[in-house]
Every structure is written in structure tokens, then in C-alpha cells.
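Before any comments, here is the structure.
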There are 2 protein chains.
Amino acid sequence: VDRRRRFAVIMAGGSGTRFWPWSREAKPKQLLALTSSTSMLAETVSRLKGVVPPSNIVVVTSRRYRRQVAGELPRIAKDCILAEPVGRNTAACIGWAATEIRRRCPDAVMAVLSADHRIGGRSGAFGGDLAKALEVADRTRRLVTFGIRPESPATGYGYIRAGAAVRGAAGAREVDAFVEKPKAAVARRYVANSNYYWNCGIFAWRADVILEEIAGNLPELASGLARLEATRRGRSIPAKALDRIYGELPAISIDYGVLEKSRRVAMVPASFSWSDIGSWDSVAELWPADRNANATRDPLLALDSGSNIVASGGKPVVLLGVDNLVVVDAGDALMVCARERCQDLRSVVARLAEAGLGELR
Amino acid sequence: VDRRRRFAVIMAGGSGTRFWPWSREAKPKQLLALTSSTSMLAETVSRLKGVVPPSNIVVVTSRRYRRQVAGELPRIAKDCILAEPVGRNTAACIGWAATEIRRRCPDAVMAVLSADHRIGGRSGAFGGDLAKALEVADRTRRLVTFGIRPESPATGYGYIRAGAAVRGAAGAREVDAFVEKPKAAVARRYVANSNYYWNCGIFAWRADVILEEIAGNLPELASGLARLEATRRGRSIPAKALDRIYGELPAISIDYGVLEKSRRVAMVPASFSWSDIGSWDSVAELWPADRNANATRDPLLALDSGSNIVASGGKPVVLLGVDNLVVVDAGDALMVCARERCQDLRSVVARLAEAGLGELR
């Protein structure tokens, strides 16, 4: 695919309450430096270097984060940052971005990425895989998704069951089924079966193809997007129209709304490694760990303590006789939680106001 | 006893490593505001108000803390702060203070207090009991110790078995035995038996009587104190002489060295309540607690969490799904420890240097 036809959409709208107290309503996780020394959003952009021209990168975020996102990404033009007045799940987000991209380039092939994924593996693996997927998507007019060979029997991810090879696209396979997050025993079977892959939520497709599929499977979304586009004045949609129309779009994920229904989905096995940085628990695999699996980037003295995660922003921490804790200091707030309760931080944030701590949301 | 003959010695030499990271080599626990909003040392002094004149209060501390102690106690004269070049346990400390007090007032009756005790009960109880004990000590020439009626079968305190009433001293009893820290089952029997009391380590005696008892039971200490006194120039002992002689004094507690051997010990039952603030665990009973027994003076949101102790210096803290932890933020260091491991903080402090954190000792 000619470079000028390559586009990328980065979904960066999440609030990331599960990374409280580092993440806040005013500072979502994609703006945190969780996986490296720069923000996950900036990392996601830099991962596209050499594959997608910077002027062809579109970031979809929430209106409340527009300013921070723009500040974080000085090389991305302002009209390439789409600010949702309200989140309406991934189908609306991708549909809006595809409409915008097709308008700029009717022949565009677009990658869809999330700003809160960790991508690893050998240098260049991700870029190479992405270029290949864009090529397959363009040539076959398929909805291409990446499959990740499972490193562990994860129960927090959905799986893909891959089928026959796709003709005329070396390495690509048919998707026989998308499988919901499995129980542990089922996940173990999947890992042992070479036809199962993690569904990582990274996609490649032609803008016109995904819009056709939205029209076919989510007609209400398609008509909403058309009404939105009809209000356009020059390069932008007026804020009032956006407020009115965007909030009425159906809120459904691209997976449920399109991929599980479409007959032209294909999967490209990834050569890069991947994980979803969904909660504090998931950073344990990213950060340096001592021999008792205490993961941290901060000065730590851990005695008779194991499998803890510590994020103190550089402050020295001592642990004595404790296991499986997440200890996070954000300067103005401190959080200690059991690792298995990480997912429940969302409800904690909702209850801060009860304790008179509403300003820490 | 005439007020001018009443003296008090406050022992304030401890390093309090078990309150790390709030306590440091440079800031021992008696200088921390653990029990109220002022330091435990200042609280101990203010407790003597109306019983012992401020000019008759002698504080024994370590030379390294002399300046801080003087700053904390502006109403105590400089020559009333005795700075040990090295700690030699309580017999030496009390012997030195008694020598100093007897020199100033040959007929003195002195109370001996520690700077790390919590005293409670009804207003005036402590002062009244202390005045009574000084009276008994003067009239009977006894070594008077306070007995505390146990509130719980504590295994961390020594006990006193009280005997017959002391003639001519209403309420005072003979001490039949000092009992070592008991096992839990034994402690429960003691609590059920009205003759057992906690040995709180608060004493009253005439200065000449305790020096007679030291001469009789610890002749080596007595001769060391005499050599020390022989070097006196005016109001003070020259530092060089203090360094040389003090370090050679036998290091033994007043309990082992004198009280357990003397035949003229008596006990006065206390009407005040008491506890030894020996570790983070012990502050749980002092601080406000929520209905799940989470004790703190800081803003706390505790969900599915119980029996934790939180000391964050005012920073908001969230606990989620954790029990029996001590969480302490000292600004420049953070500590999370299992409550039952509090006593081991001493060894943690010794190991800070290993982790490159020696400056936090």
C-alpha cells in the first residue's frame, strides 16, 4: 500500500479509573508513563514510525482530554484529534474516524490501535506486521484482526479460533469464531491448541470497507454518522451538532456490532508480543521484579514479602511480611489494595466523595 | 512532701527504631507526636504540672538528642538535661540523675518516668497518684513502684504480684514478686487474679534511698557514679570525664539490678490507665478507629478492610481488601508491614543500607 494511503486511528478516550490514584478524571491512564518513561499514548504514536505518516494519524479522545492529548502529541495536527463529547463505545469511535479518513482519502487503509496496550517482541516486529495487515486488508477487502499466540492461559482476554488460510494472502487465516473470556480450565485448553489466539483488538481495514460493514450491521450508527457528516463546515463538525448527534449514536463495541457478524473477517498471526494494561495487576509483568516477584521501578526494600506491586513515584518503600499487595503513592493520595481486588478500584473512585475525598477522583 | 523537695526524672534516651519511618536515628519516638498533637516528651513534662516544679524536672537523654530535647522543652533549664554519651540502661541513667538531684537537695524525693508511655484515665488521676507515691516513698523510705490493673492479658508487659498492705501507708502493698512477660494462658490467669498488676516502670523514691540501694546491690555502678561526681566542676561534669567514665558503667536495668533484689520495695495501685507505646501496633488503641477497627488520624476510605493502622501525616489513604497492615508514610519514605511483624522493624532499619537507603535510618 502506498504510504500516503496508510492511516491509523488511536483510541484514547478511556478514563482509566482502575489506575487510581495515578489516573484521575483529569488524567487518564493513556497519559501516564506506565510502560516506559513516556506516556502510553506517545508510545503508541512512536510505534507507527516508518509505517504510517504522522499527518495520517488520527487520535480519538474525550473532549475533556483534548488539550492534554494535543500537548502530549505536538506532531499531530489539531484537526487529526477527534474529541468525543461523550463516549459511545468503539463502533461509534471507529465509524467517526473512518468517515473522516475516507473523506481525506477515499482509498485509505487504516489501522486501529488502542493507547493502553503494551507491545513487545523484537525490534520492528510490530511495524512489519502492521504493514502486512494493511496490505492484506487492502488487497482482500477484509476486516483484518491480529491474533496473538497466548503466553499464558489468561482469563481476562477474549480468544479467536482461527480457520483455513485466506487465499491470496500468505499467513492470513479465516476467523472461525470469536470466543468470550474463558474460565481457567478452558483457557488452558486454548493455550494447548495452536488454532487459538488472543483477540488483541488491533485491526486493519479499508475505510470504505469498515463503513460498508457498519452500514450493513449497524444501520442506526451509519445513519447517525451520515447526519453528523452533513453538518460539516469545512474541516470541522460544529460543536453543537456534535453534542446533539454524537450522544444519540448507539453505544456498542466494534467487536459485537461488526466483527462477530461480518463474513469477511480475517486474522493475521502477530509476531510481536502484546498485553492489555488494564489494571495495576497487569504492570507486574512489565516492571523489574526481585527474586520474590516484587515488581517496582522505585527503591524498594522487601523483607519476607512477595508478589507485591509498588508504584511510589521514586519514593523509597519498605515492605515487611506482606504479600500480593498493590501499593501506590500518587503524592496527594496513597492506595494499598489486594492484587485480586485491582479490578474493583473503579468502584472505589466512585465512592471517594463519600469519604470527603471527592477532589481526588 | 514539700513541693521544693519533689523532683522528677524523665528517661528520654530511646532511639525508637520500631517507629520507623516516622522515627529516625536523628528523631527518636519520644520527639514524635504519636499520642496527641504534641511530642510524647512534652506531654510527659506537662503531666507533672502541679506536682513537681518545672525547675525540679531532670531529663536524661542521649547526647545526640540534647539539642532537640532542649528545643522541645523550653521551660527546662539546660543543666537539668543530662546527656548520656552512650546508653548504659536504666540503672546508670537513674543513678546519675539521683546523684545530681541529691546534690541539689539532700532530702529530695524523686519520681522516675519514661517519655514513651501513654497515661490516661480521669483528669488529675496521674498527678494525685504521683503525689501519693512520693509521700509514701518519703515516709516509709521504700522504693515505690506503680501497679496497673491489667485491662487485657498482655504478653508484652512484666507483672507484679502484690502482697500484704504496707503498714502506715494506706493503699500501698508489699511486692511479693516481679514476674517476667508471661505466655498468653498465664497472662489470662493473672488478669483474673486481683493480686496481679502490670509493672509500668514508673517509680518514686528518695534520692538517698535509691543511691543506698545502688550501693548495696550494684557496687560497681555506685563507685562509677562516685568517680564521675569527683570530676565535677561547678554545675557540670566535663565532657571528657563523662565520655571516659560513663561508658564503663555497668549496663543493667534498674528492675534487674535493684528492684528484684531490694527488700524495701512497695507498690501503689494506680488509678490512671497506662500503656507502653512500644511499636506501631500499640497506637491502634490510641487512635480513632472505624467500625472495622481501622485506626488512623488521617483521611481514610477503607473498603473490605479491617484492623489496619494508617499514619500518613494527613495524606488521604484508600485501603481495598486488606487486613492487619500498618501503613506509614513519612513523606520521604513509605512502609507497609504486617501488624504481627511490627517488632521486627528494628532489623529493617539495620538493613536499610543494604538497599542503598542508609540515609533513611
Side-chain angles (χ1 to χ4, degrees), chain A residues 18 20-21 279-280 290 294 296 298-305 308-361, chain B residues 18 20-21 279-280 290 294 296 298-305 308-361:
Chain A
R18 279 175 295 183
W20 193 88
S279 71
W280 281 115
D290 66 17
N294 296 300
T296 190
D298 303 299
L300 176 67
L301 175 60
L303 300 172
D304 301 332
S305 298
N308 299 286
I309 298 170
V310 172
S312 65
K315 178 188 288 190
V317 176
V318 166
L319 302 178
L320 174 59
V322 297
D323 297 300
N324 295 303
L325 295 181
V326 180
V327 177
V328 182
D329 188 352
D332 60 350
L334 184 63
M335 191 272 301
V336 179
C337 114
R339 273 182 74 161
E340 76 268 19
R341 298 297 301 276
C342 274
Q343 302 290 339
D344 303 332
L345 267 179
R346 197 184 284 267
S347 60
V348 170
V349 173
R351 293 184 60 181
L352 283 168
E354 283 176 37
L357 303 175
E359 80 281 5
L360 294 172
R361 271 185 303 226
Chain B
R18 278 175 295 183
W20 192 90
S279 71
W280 281 114
D290 66 16
N294 296 298
T296 189
D298 302 300
L300 175 68
L301 175 60
L303 300 173
D304 301 331
S305 298
N308 299 285
I309 298 169
V310 172
S312 65
K315 179 187 287 191
V317 176
V318 166
L319 302 179
L320 174 59
V322 297
D323 298 300
N324 295 304
L325 296 181
V326 180
V327 177
V328 182
D329 189 351
D332 60 350
L334 184 62
M335 191 273 301
V336 180
C337 114
R339 273 182 73 162
E340 76 267 20
R341 299 296 302 276
C342 274
Q343 302 291 338
D344 303 331
L345 268 178
R346 198 184 283 267
S347 60
V348 170
V349 173
R351 294 184 59 181
L352 284 168
E354 283 176 36
L357 303 175
E359 80 282 4
L360 294 172
R361 271 185 303 222

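With sequence neighbours excluded, the residues that form a ring-ring contact (aromatic ring centres under 6.0 Å, His included) with A:Trp280 are A:Phe19, A:Trp22. Applying the salt bridge (charged side-chain N to carboxylate O under 4.0 Å, His left out) rule to B:Asp290 yields no partners; only residues at least two apart in sequence or on another chain are considered.
Rounded to the nearest 0.5 angstrom, A:Leu301 CG and B:Arg351 CZ are separated by 6.5 Å.
Applying a 4.5 Å heavy-atom cutoff, the residues of residues 316-325 of chain B that approach chain A are B:Pro316, B:Val317, B:Val318, B:Leu319, B:Leu320, B:Gly321, B:Val322, B:Leu325. When the heavy atoms of residues 327-336 of chain B are compared with those of chain A, the residues falling under 4.5 Å are B:Val327, B:Asp329, B:Gly331, B:Asp332, B:Ala333, B:Leu334, B:Met335, B:Val336, listed by number.
Among the candidates B:Cys337, B:Gly356, B:Pro299, the residue making the largest number of heavy-atom pairs closer than 4.5 Å to chain A is B:Cys337. Each of B:Leu345, B:Asn308, B:Leu303, B:Leu360 has some count of heavy-atom pairs under 4.5 Å with chain A, and the biggest count is that of B:Leu303. When each of A:Leu352, A:Asp304, A:Leu300 is scored by its heavy-atom pairs under 4.5 Å with chain B, the top score falls to A:Asp304.
For chain B, the nearby parts of A:Asp344 are the backbone and the side chain; heavy atoms of each come within less than 4.5 Å.
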